[in-house]
There are 2 protein chains.
Amino acid sequence: MEENSKYKELLNREGIKSTRHRNAILKLLEESEFPQTAEQLYITLREKTASIDLSTVYRTLDTFASKSLVLKSNRVDDGKALYELNHNEHKHHLLCVGCHKLISIEDCPIGELKQTLKNKIDFDITGHKLEIYGYCHDCKKYKLPPSDHDNL
Amino acid sequence: MEENSKYKELLNREGIKSTRHRNAILKLLEESEFPQTAEQLYITLREKTASIDLSTVYRTLDTFASKSLVLKSNRVDDGKALYELNHNEHKHHLLCVGCHKLISIEDCPIGELKQTLKNKIDFDITGHKLEIYGYCHDCKKYKLPPSDHDNL
DNA sequence: TCACCAAATGCAACTGCCTTGCATTTGCAT
DNA sequence: ATGCAAATGCAAGGCAGTTGCATTTGGTGA
């Protein structure tokens with residue numbers, strides 16, 4: 001299968017072995033629309049491919065993160081770790097507080113701030129993280145009165 | 001002591017009892033320059049005031065958070081919960097990756113994004129969180145080559 | 001192709017953060 | 001003062017994630 005050779009090449013480039021599990025996890029992440037928890041990935045892997053241990057999933061994801069192949073973050077509401085493929089593109093996420101859907105966006109408002117801060121207080125921005133909460137199209141109709149999320 | 005009566009009033013306004021522990025935690029949060037973990041608060045409380053149980057600290061902080069008296073967030077690197085007093089002011093922080101100094105700013109770039117996202121994908125923003133990394137004036141001279149922080 | 005070795009994996013036990021159940025204590029209204 | 005709901009302490013438990021160790025596997029060199 002030529003898909004696996006693609007992963008193999010990618011992994012070799014990072015100086016780590018290409019294994020059945022690693023290829024499967026890369027493939028799964030590639031197919032995932034949203035960042036996934038380790039457990040979500042674990043369950044899916046057990047369903048569709050061979051047996052795998054949860055610790056292997058964690059170890060693999062950590063290895064990938066250390067090589068910058070995947071990006072690790074923490075879910076806002078429960079602090080669980082989320083993993084997604086690193087496409088090396090700059091993006092942010094919208095979290096719907098209604099259905100917990102995560103939507104990726106390319107818009108980034110940091111540009112002008114960068115210059116403002118440089119002028120105002122001589123601070124050089126090298127990175128940032130922006131999390132946005134709100135209600136998606138589907139959840140607006142069920143919108144609840146303002147809650148804790150409004151303070152974030 | 002009249003400081004406690006200030007806390008008592010605050011707590012009564014939220015419809016919850018004023019207790020020794022609650023007053024102490026409010027006071028401690030008021031004195032804290034940065035968001036604290038539950039354990040940091042716990043340790044400090046044990047040192048300077050009477051005995052308190054860790055579960056009480058957690059329960060108190062959760063209660064305060066549910067009343068919006070404190071803001072709860074998750075530390076970026078290890079996902080631990082952080083608690084800080086809610087001053088109801090909108091602000092963000094600059095984290096200097098050189099000296100780990102935390103600088104508060106009032107600038108917020110979310111305004112235009114709000115309208116953009118509403119038009120583009122029908123998403124209603126209710127809140128957001130922005131963390132900015134970089135080098136402060138003092139650390140610029142020692143600036144290191146780009147690191148992990150640049151991906152955040 | 002084979003044999004070897006470091007790296008990867010499975011399994012089970014364990015850690016750390018946080019939560020919960022329950023008996024006791026405390027704040028506050030009456 | 002007294003009674004009751006709310007708060008607390010204590011101990012046990014839950015859950016995400018980690019680790020130690022024996023076994024298996026991928027890749028390299030003969």
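Not a single donor-acceptor pair, N or O on each side, falls under 3.5 Å between the base of C:dC28 and the side chain of B:Ser18.
By the neighbour-count criterion of 12 heavy atoms within 6.0 Å, atom CD of A:Glu33 is sparsely surrounded, having that number or fewer from other residues, nucleotides or ligands.
A salt bridge links A:Lys48 with A:Glu31: at least one charged nitrogen is closer than 4.0 Å to a carboxylate oxygen. By the 4.0 Å N-to-carboxylate-O rule, A:Glu30 lies close enough to A:Lys6 to be salt-bridged with it.
One N or O on the side chain of A:Gln36 and one on the backbone of A:Phe34 form a donor-acceptor pair closer than 3.5 Å. Side-chain atoms of B:Asp122 never come within 3.5 Å of backbone atoms of A:His137 as a donor-acceptor pair (strictly under, hydrogens ignored). Judged by distance alone, with hydrogens and angles left aside, the side-chain atoms of A:Asp124 form no donor-acceptor pair with the main-chain N or O of B:Gly134 at under 3.5 Å.
Put simply, B:Tyr58 has no side-chain N or O that comes within less than 4.0 Å of OP1 or OP2 on C:dT19. Phosphate proximity of C:dG27 to B:Lys8: absent, as no side-chain N or O sits under 4.0 Å from OP1 or OP2.
Across all strands, A:Thr37 comes closer than 4.0 Å to no nucleic acid atom at all (heavy-atom distances). When heavy atoms are screened at a 4.0 angstrom cut-off, B:Ala81 is found touching the sugar-phosphate backbone but no base atom. Looking at heavy-atom distances under 4.0 Å, A:Ser51 makes contact with sugar-phosphate atoms alone, never a base.
Toward the 5' end of DNA chain C, the nearer of the two residues B:Arg20 and A:Thr63, judged by each one's closest nucleotide, is A:Thr63. When each of B:Ser55 and B:Arg22 is assigned the nucleotide of DNA chain D with its nearest heavy atom, B:Arg22 is the one assigned upstream, toward the 5' end.
Whole-Å rounding puts the B:Tyr7 OH to C:dG27 P distance at 17 Å. The distance from atom CG of B:Asp62 to atom C1' of C:dT20 is 12 Å, rounded to the nearest whole Å. The interatomic distance linking B:Lys72 (NZ) with C:dC17 (P) rounds to 14 Å, in whole Å. For the pair B:Tyr83 OH and C:dC17 P, the interatomic distance rounds to 12 Å; values are reported in whole Å. Rounded to a whole Å, the CG atom of B:Asp53 is 14 Å from the P atom of C:dC18. Rounded to a whole Å, the NZ atom of B:Lys80 is 10 Å from the P atom of C:dG16. Between A:Arg59 atom CZ and C:dA7 atom C1' the separation is 11 Å, expressed in whole Å. In this structure, the CG atom of B:Leu54 is 18 Å from the P atom of C:dT15, given to the nearest Å.
Side-chain contact, B:Ser18 with B:Asn23: a donor N or O sits under 3.5 Å from an acceptor N or O.
A rotation axis mapping the C1' atoms of four pairs onto the next four is fitted at both ends of the helix from C:dT1-D:dA30 to C:dT30-D:dA1 over five pairs, and the angle between these axes is 30° to 10 degrees.
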*For side-chain contact (heavy atoms from CB on, under 4.5 Å), just list the numbers for A:Leu82 and A:Thr37, CA-CA rounded to whole Å, side-chain angles, deciding distance to a tenth of an Å, and then say yes or no.*
CA-CA 5 Å; A:Leu82 294 174; A:Thr37 65; 3.6 Å; yes
_Between A:Thr56 and A:Ile25, does the side-chain contact (heavy atoms from CB on, under 4.5 Å) criterion hold? Intermediate values first, please._
CA-CA 10 Å; A:Thr56 302; A:Ile25 289 175; 5.7 Å; no
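The only member of A:His128, A:Glu106, A:Lys129 that meets side chain to side chain donor-acceptor pair (under 3.5 Å) when paired with A:His92 is A:His128.
When DNA chain D is scanned in the 5' to 3' direction for atoms under 4.0 Å from non-hydrogen atoms of chain A, the outermost contacting nucleotides are D:dA16 to D:dG27.
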